[in-house]
2 protein chains.
Amino acid sequence: MAATRLRDVAERAGVSIRTVSNVVNGYAQVSDETRQRVEQAVAELGYHPNLLARNLKRGRTGLIALVVPELDVPYFSELARAVVAKARLHGYTVVIDQTDGEPDRERELIMRGASAALFDGVILSPLVLSQADLARRDAAGPLVLLGERIAASPYDHVAIDNVAAASDATEHLLALGRTRIAAVGDQPYDTGETAQLRTRGYREAHAALGLRVDDSLIVSTHKFHRSDGAAAMADLLDHPDGPPDAVFCYNDLLALGAIRTLLTRGVRIPDDVAVVGFDDIEAGRYNTPTLTTISPDKTMIAQLAVDRLVSRLDGRSPGEPTELWAPYRLEIRESTGG
Amino acid sequence: MAATRLRDVAERAGVSIRTVSNVVNGYAQVSDETRQRVEQAVAELGYHPNLLARNLKRGRTGLIALVVPELDVPYFSELARAVVAKARLHGYTVVIDQTDGEPDRERELIMRGASAALFDGVILSPLVLSQADLARRDAAGPLVLLGERIAASPYDHVAIDNVAAASDATEHLLALGRTRIAAVGDQPYDTGETAQLRTRGYREAHAALGLRVDDSLIVSTHKFHRSDGAAAMADLLDHPDGPPDAVFCYNDLLALGAIRTLLTRGVRIPDDVAVVGFDDIEAGRYNTPTLTTISPDKTMIAQLAVDRLVSRLDGRSPGEPTELWAPYRLEIRESTGG
DNA sequence: GCTCCACTCTGCATCGTTGCAATAGAATTC
DNA sequence: GAATTCTATTGCAACGATGCAGAGTGGAGC
């Protein structure tokens, strides 16, 4: 049961601990004969290096933590997949951690995760963390932020231009001739910075055409799940001025929930109500109708984040924290007549 | 940049390293005055214990690895969420790792993961790992298997009764009066053990009613994604004897892909073709039509796996490896007329 | 035969922490 | 005042690995 150690292998092979280490790591010159003897002992004993000890001595672990709010939200799991793949190219292993949006969990992970030397660096998609929290961070390892823009934080930050993307989405609906466009997913409080940016884009698209926004068509949701979208859509259908003729949802799950409500109530999509989402998750591509959506380049987001983190780890790019922008596209599909 | 160590705190507070350690861990008796001095030094220096060193010394890390094939497959991300939650109740942190179904990755993780002392234990949802691979495992930490049944492996194993569940699903379709029921997702090769169990259940349901199975209605798929389901359904619609009147898909993604194809081709669900899935992912509950499916109790699966792993870690239940069965239900929804 | 060098191999110290056992000092007892 | 108990604090060794510098070999060179 007790794990075999370098020492056990050394005894068996009749060499010093140091030599075994050299063989295992491919260091230095080792004669063929000794190497074979050691390798045989390793195989017989089933030796594997104790990574804890190795990492302690080496001062690095090769682990990157990816901290996301909810793993079963497809956007995050798809992103996680991309991050894992990119990190592996650099020889890093990604450890995924889920916070459930609990502030304490988020804090604990960024504070302790890296400084505790368990991870070399952290990629964080913050949900609730404030600028103050980040400022208080005293951990050693580098940190790259995803998604949310936290103004003036001393960290690198990868995002897409939420305002522009939301504006594009809204503009698309306006161009279809829709006049009463609802926005679903606003979060006019502290932690809803992303949502607020999308609302701003929604307003700007209207303003650009000299149109007024009916604020009663902007619906807040607590979370960004299908159930929230379904509930919000139900409310909108009962709007005193009648239902809207289009809905811009701040993510695809909201949109899929909204679509479910629409179809249940016999509303035709896109004829009666056009729907646009945000994130381009796989579910939207197979829904009926397929979902028009803003498609952030997740691969690029992952790559920018990982590249930046790794270059910080390597001591390259010691410069100022940077805003890195990933591209996005508007994917026009059936839910808006595409 | 250099992380602060116990020693730095000790110097600053004018006490020994050992005393700082005692304060940090709440060990032993420490006078109020000393405690405060130490705590202040800790705060001023922003000290956090180096977990690598601590874990090395203590011989445990408090980390459990959860190894799954694909994180962006909803079944796994939903399961992962449940495992994370259950493990936290026991004071363990879950590290999620994705293998992409690469055999080497799976092997590496179970072989080295635990024996390398980085994780205290491993929960593995094997996709490609064979019994031989498992037998070759020499790692120290306990391992719990999920999902697949690997016969006679020396490890604990949590699963649902795939044969019975598949039989129930098929029986449901037969009870609706369907006579040409297709099965989508068979994998008649090595690694498709779960699929084979579901095929067996499909056959047993027919046999129980004295019905013959038309083998040309059993469709293999390479993977279990939406695209596979969509493609398989397209083939079935072109079946020489005409399309089937029901489809049992071996997971929900296949079913959602199949539904997309059916709706695109103007086939009515469930009137022309009834569809049943497997896994009960959230997407199926918001699809139109909502998806009838086998719903494994994921919370229970997570709990059984974590409880068993933890009890092995604690040295309790040193007994034989066990098969643990989690319950499941058939959720009847719109895609079969529910 | 001696020096020198290349090649192997090894011992010691160390990474930052905690377990153990012991110490110095204060408080208590008789 | 000496013996005893208790409290607060500490030093040493160890977890298992690697960095570094050094120590044995044997052979080449003169």
Side-chain angles (χ1 to χ4, degrees), chain A residues 1-39 41-42 45-62 112 114-120 139-141, chain B residues 1-39 41-42 45-62 112 114-120 139-141:
Chain A
M1 173 67 195
T4 56
R5 296 155 301 167
L6 224 36
R7 184 196 309 182
D8 304 319
V9 179
E11 269 177 28
R12 175 144 196 151
V15 296
S16 77
I17 291 180
R18 199 56 251 254
T19 298
V20 179
S21 172
N22 284 336
V23 170
V24 170
N25 290 287
Y27 290 172
Q29 304 282 22
V30 180
S31 70
D32 277 354
E33 195 217 320
T34 308
R35 172 183 309 280
Q36 280 175 25
R37 210 142 35 96
V38 170
E39 281 170 351
V42 165
L45 295 175
Y47 169 78
H48 298 288
N50 180 315
L51 294 184
L52 239 39
R54 170 183 287 177
N55 293 338
L56 172 60
K57 184 66 181 141
R58 287 191 179 164
R60 59 179 293 276
T61 64
R112 309 197 49 207
S115 61
L118 212 48
F119 309 120
D120 293 339
Chain B
M1 175 66 195
T4 56
R5 297 154 302 169
L6 226 35
R7 185 196 307 183
D8 304 319
V9 179
E11 269 177 27
R12 176 145 196 150
V15 296
S16 77
I17 292 180
R18 199 55 249 254
T19 298
V20 181
S21 173
N22 284 336
V23 170
V24 170
N25 290 288
Y27 289 172
Q29 304 283 21
V30 181
S31 71
D32 278 353
E33 195 218 319
T34 307
R35 173 183 307 282
Q36 281 175 24
R37 210 141 36 94
V38 169
E39 280 170 351
V42 164
L45 295 175
Y47 169 78
H48 298 288
N50 181 315
L51 294 184
L52 239 38
R54 170 181 287 176
N55 292 339
L56 172 60
K57 185 64 183 149
R58 288 192 180 162
R60 58 179 294 274
T61 65
R112 309 197 47 207
S115 61
L118 212 46
F119 309 120
D120 293 338

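Per chain, numbering begins at 1; letters A, B, ... match sequence-line order.
- Atom CG of residue A:Leu56 and atom CG of residue B:Asn55 lie 10.5 Å apart, to the nearest 0.5 angstrom.
- Note: B:Arg54 CZ to B:Leu6 CG = 9.0 Å, rounded to the nearest 0.5 Å.
- At whole-Å resolution of the value, CD in B:Glu33 and C1' in D:dT9 are 13 Å apart.
- Regarding A:Leu52, its CG atom lies at a distance of 13 Å from the P atom of D:dT18, rounded to whole Å.
- Side chains of A:Thr19 and A:Arg37 form no contact here, defined as non-hydrogen atoms less than 4.5 Å apart.
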Enumerate the protein-to-nucleotides 10-13 of chain C contacts in which both atoms are nitrogen or oxygen and the separation is below 3.5 Å.
| from | atom 1 | to | atom 2 | distance (Å) |
| --- | --- | --- | --- | --- |
| C:dT10 | OP2 | A:Ser16 | N | 2.9 |
| C:dT10 | OP2 | A:Ser16 | OG | 3.2 |
| C:dT10 | OP2 | A:Thr19 | OG1 | 2.6 |

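- Defined by atom type and a distance below 3.5 Å, a donor-acceptor pair is present between the side-chain atoms of A:Asn22 and A:Arg18.
- Between the CG atom of A:Leu56 and the C1' atom of D:dA14 there is a distance of 13 Å, given to the nearest Å.
- Closest of all the heavy-atom pairs between A:Pro49 and A:Val24 is CG-CG1, 4.2 Å.
- Distance A:Leu6 CG to D:dG19 C1': 14 Å, rounded to the nearest Å.
- For the atom pair CG (A:Leu52) and CZ (B:Arg58), the distance works out to 12.0 Å, reported to the nearest 0.5 Å.
- Computed from coordinates, the B:His48 NE2 to C:dG16 C1' distance equals 15 Å when rounded to whole Å.
- Contact between the side-chain N/O atoms of B:Ser31 and the OP1/OP2 oxygens of D:dT9 is found at a separation under 4.0 Å.
- Closest approach to the A:Tyr47 side chain among C:dT18, D:dA8, D:dA17 is made by D:dA17 (side chain taken as heavy atoms from C-beta onward).
- Spacing between atom CG of B:Asp32 and atom P of D:dA8 amounts to 9 Å, rounded to whole angstrom units.
- A straight line from CG of A:Asn50 to P of D:dA14 spans 18 Å, rounded to a whole angstrom.
- Distances were taken from every side-chain heavy atom of B:Ser21 (C-beta onward) to each of C:dT17, C:dT18, D:dT18; the shortest belongs to C:dT18.
- Here the C1' atom of nucleotide C:dG16 and the CG atom of B:Leu51 are 11 Å apart, to the nearest Å.
- Between A:Val24 and A:Arg7, the residue whose closest nucleotide on DNA chain D is further toward the 5' end is A:Arg7.
- Of the options A:Val9, A:Val38, A:Val23, A:Val30, a side chain to side chain contact (heavy atoms under 4.5 Å, CB included) to A:Val15 is made by A:Val38 and by none of the others.
- In this structure, A:Asn25 reaches the D:dT18 phosphate: one of its side-chain N or O atoms is under 4.0 Å from OP1 or OP2.
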